[in-house]
Amino acid sequence: MTTIITDGPIILSKKYEQAKKAIQKMTLIDGFLFDSSTENEADAKIVIGNLLKTFFNRKFKSIEIASQKQIQAIDTKYHGIRFDALISEDPDDHTLSAKIIDIEMENRESDRPYLPRRLRYYTALPDAKSLGSGVAYDKIPDFISITISSYDPFDAGDMYYEARTVLTTHPNIPYDDGITRMFFYTKGKTNSEGMTTFVKSPEHRKKLEEMLYYIQTGNKPATKNTDIDDIDNVVNRIKGREEVTTEYMRQCDKEHIIRREATIETKKSDALDIIRFAHEDGVSDDKTRMRIASLGLASDIIDSLFAQIEEEEKALVN
C-alpha cells in the first residue's frame, strides 16, 4: 500500500485513494478489472469457465487458460490481456467443435472501424503457434473469437452478431476455414432470429442476457444465478486487494508518462517545421526561439532542435 510518512499518524496517499475509488466503480467490461480478475489461474478458470458456460449453455470438462498479452491494460478503456481458452474436446459431445476460444472485452468505441482487422491479427496468433509446433494444416484447431463490447460494433442495435468466412460468388458452397467470430453487444436488443444458431431455449437466452448485463453494469440479477455469483465473488475479492490498487496506480503513472512523451515528441516535430520555415523566410533565430518556447519546450531541447536543423542544412549544401 502506498503511504505518506509524517511525524503524525500514517495516512493513505491521495493518489492511492483515487485509484481505489476508480477500481470500485469498474465492472468486468473494463480492461483492467477483467485482466486482474483472470491473472490467477484458479480465478481465470472460474471467470472464463462461467462465461463460456453461459455463452454455449454447457459446462466444459477441461479448460486450459492461456494468456496472450498483446497490449497492456493501462486504464479502463484500453485493451488488456487476451485469453485463449484451450478446450479439450469431449469425445461424447461434439456440439462444439472449436478447441481454441479467444475472449476479449472491448470498451473503446474509437476502435470500431479497426475491429475486424484487429481480430484478424488475433486469429493468426494461435495458428502461428500451432504451425510452429509442426502441426499439419488440416490439424489446425477450430477457432472461435468472442468479443464482448460496451458499444454496438456494427450499429444495428442487436445483442448478437456472428461472422464467418463465405465463398461470396457461391454462398451455398461451404467454405470452412474453422473460424467463427461472435460479437456480444451488452446493451443491444435480443435478436432472436440471429441467435438461433446457438441459443436453443428461453432459459439460455435469459442467462445470456443476465451475464451481459452483469458484465456491463456489475449488477447481479434479481433471480439466483450461481454462474454470475461465482464471478462476482472473484471480482469483489480482486477489488479489495491492495496490490491491485497499487498496480493500477503504477499503470496510470506509466500511461501518463507515455502521453506526456508523445506530446513532447509532437511539439518537437512542430518546432522543427517552425525552424525550417523560419530559415526559408529569413526570420531570425531569436524570434524563432521565442515562438518555440511558447510550446513549452525546455531550452536544452530547443538547442538540440536548432542543431538538428543545422546538420540538415549542412547535408543539403554538401
Side-chain angles (χ1 to χ4, degrees), residues 2 13-16 18-19 22 26 29-32 34-35 68-82 104-125 127-128 145 147 149-156 163 181 183 246-318:
T2 303
S13 71
K14 183 178 180 181
K15 185 185 293 186
Y16 180 90
Q18 290 174 338
M26 291 181 189
I29 196 68
D30 296 310
F32 179 83
F34 179 65
D35 296 353
Q68 304 286 346
K69 284 191 178 183
Q70 297 304 319
I71 304 175
Q72 188 74 13
I74 295 173
D75 68 26
T76 61
K77 294 185 179 180
Y78 275 58
H79 304 303
I81 301 174
R82 292 175 45 255
E104 181 178 358
M105 297 294 177
E106 178 59 48
N107 197 26
R108 189 166 65 176
E109 191 166 359
S110 60
D111 277 347
R112 186 203 309 267
Y114 318 108
L115 189 59
R117 290 183 180 270
R118 180 157 56 81
L119 293 180
R120 168 184 160 186
Y121 168 71
Y122 286 169
T123 303
L125 295 175
D127 286 349
S145 169
T147 301
S149 176
S150 63
Y151 62 86
D152 189 346
F154 302 106
D155 281 337
R181 294 183 175 87
F183 301 84
T246 302
E247 176 62 15
Y248 181 70
M249 289 172 57
R250 188 191 68 80
Q251 292 192 18
C252 287
D253 287 342
K254 181 179 178 182
E255 173 60 16
H256 176 72
I257 292 172
I258 291 172
R259 289 179 176 175
R260 184 179 63 193
E261 290 179 347
T263 300
I264 291 175
E265 289 303 313
T266 299
K267 289 180 178 180
K268 287 166 67 175
S269 177
D270 292 342
L272 287 171
D273 288 337
I274 290 173
I275 297 171
R276 292 188 186 101
F277 290 132
H279 282 191
E280 290 177 4
D281 296 339
V283 178
S284 70
D285 285 351
D286 288 341
K287 289 184 178 181
T288 304
R289 282 178 178 275
M290 291 177 61
R291 181 180 177 187
I292 294 175
S294 67
L295 297 176
L297 293 173
S299 58
D300 58 332
I301 294 178
I302 296 175
D303 290 340
S304 68
L305 295 176
F306 272 95
Q308 182 177 334
I309 295 298
E310 184 177 350
E311 291 298 322
E312 287 182 6
E313 292 173 347
K314 286 181 180 179
L316 290 175
V317 173
N318 295 334

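Not measured: the values here are computed from a predicted model.
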Nearest 0.5 Å, please: how far is [atom2] in [Y] from [atom1] in [X]?
X    : Y    : atom1 : atom2 : answer
I275 : E312 : CD1   : CD    : 9.0 Å
Q308 : K268 : CD    : NZ    : 8.0 Å
S150 : M105 : OG    : CE    : 10.5 Å
Y248 : F32  : OH    : CZ    : 7.5 Å
T263 : K267 : OG1   : NZ    : 6.5 Å
S284 : H279 : OG    : NE2   : 9.0 Å

Please report the shortest heavy-atom distance between R112 and P153, naming the atom on each side.
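Heavy-atom minimum between the residues: CG-O, 3.6 Å.
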Trace of the side-chain contact (heavy atoms from CB on, under 4.5 Å) decision for E106 with Y151:
CA-CA 8 Å; E106 178 59 48; Y151 62 86; 3.1 Å; yes
Can R250 and T246 be said to form a side-chain contact (heavy atoms from CB on, under 4.5 Å), step by step?
CA-CA 6 Å; R250 188 191 68 80; T246 302; 5.7 Å; no
Salt bridge or not for R276 and E280, using N-O below 4.0 Å?
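Looking at E280 together with R276, the answer is no, because their closest N to O distance does not fall below 4.0 Å.
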Can you give the donor-acceptor pairs under 3.5 Å from side chains of residues 295-307 to other protein atoms, not counting sequence neighbours?
{"unit_1": "D303", "atom_1": "OD1", "unit_2": "R289", "atom_2": "NH1", "d": "2.8"}
{"unit_1": "D303", "atom_1": "OD1", "unit_2": "R289", "atom_2": "NH2", "d": "3.2"}
{"unit_1": "S304", "atom_1": "OG", "unit_2": "I301", "atom_2": "O", "d": "2.6"}

Ignoring hydrogens and geometry, is there a side-chain-to-backbone donor-acceptor pair from D273 to F277 under 3.5 Å?
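Side chain of D273 to backbone of F277: no pair is present.
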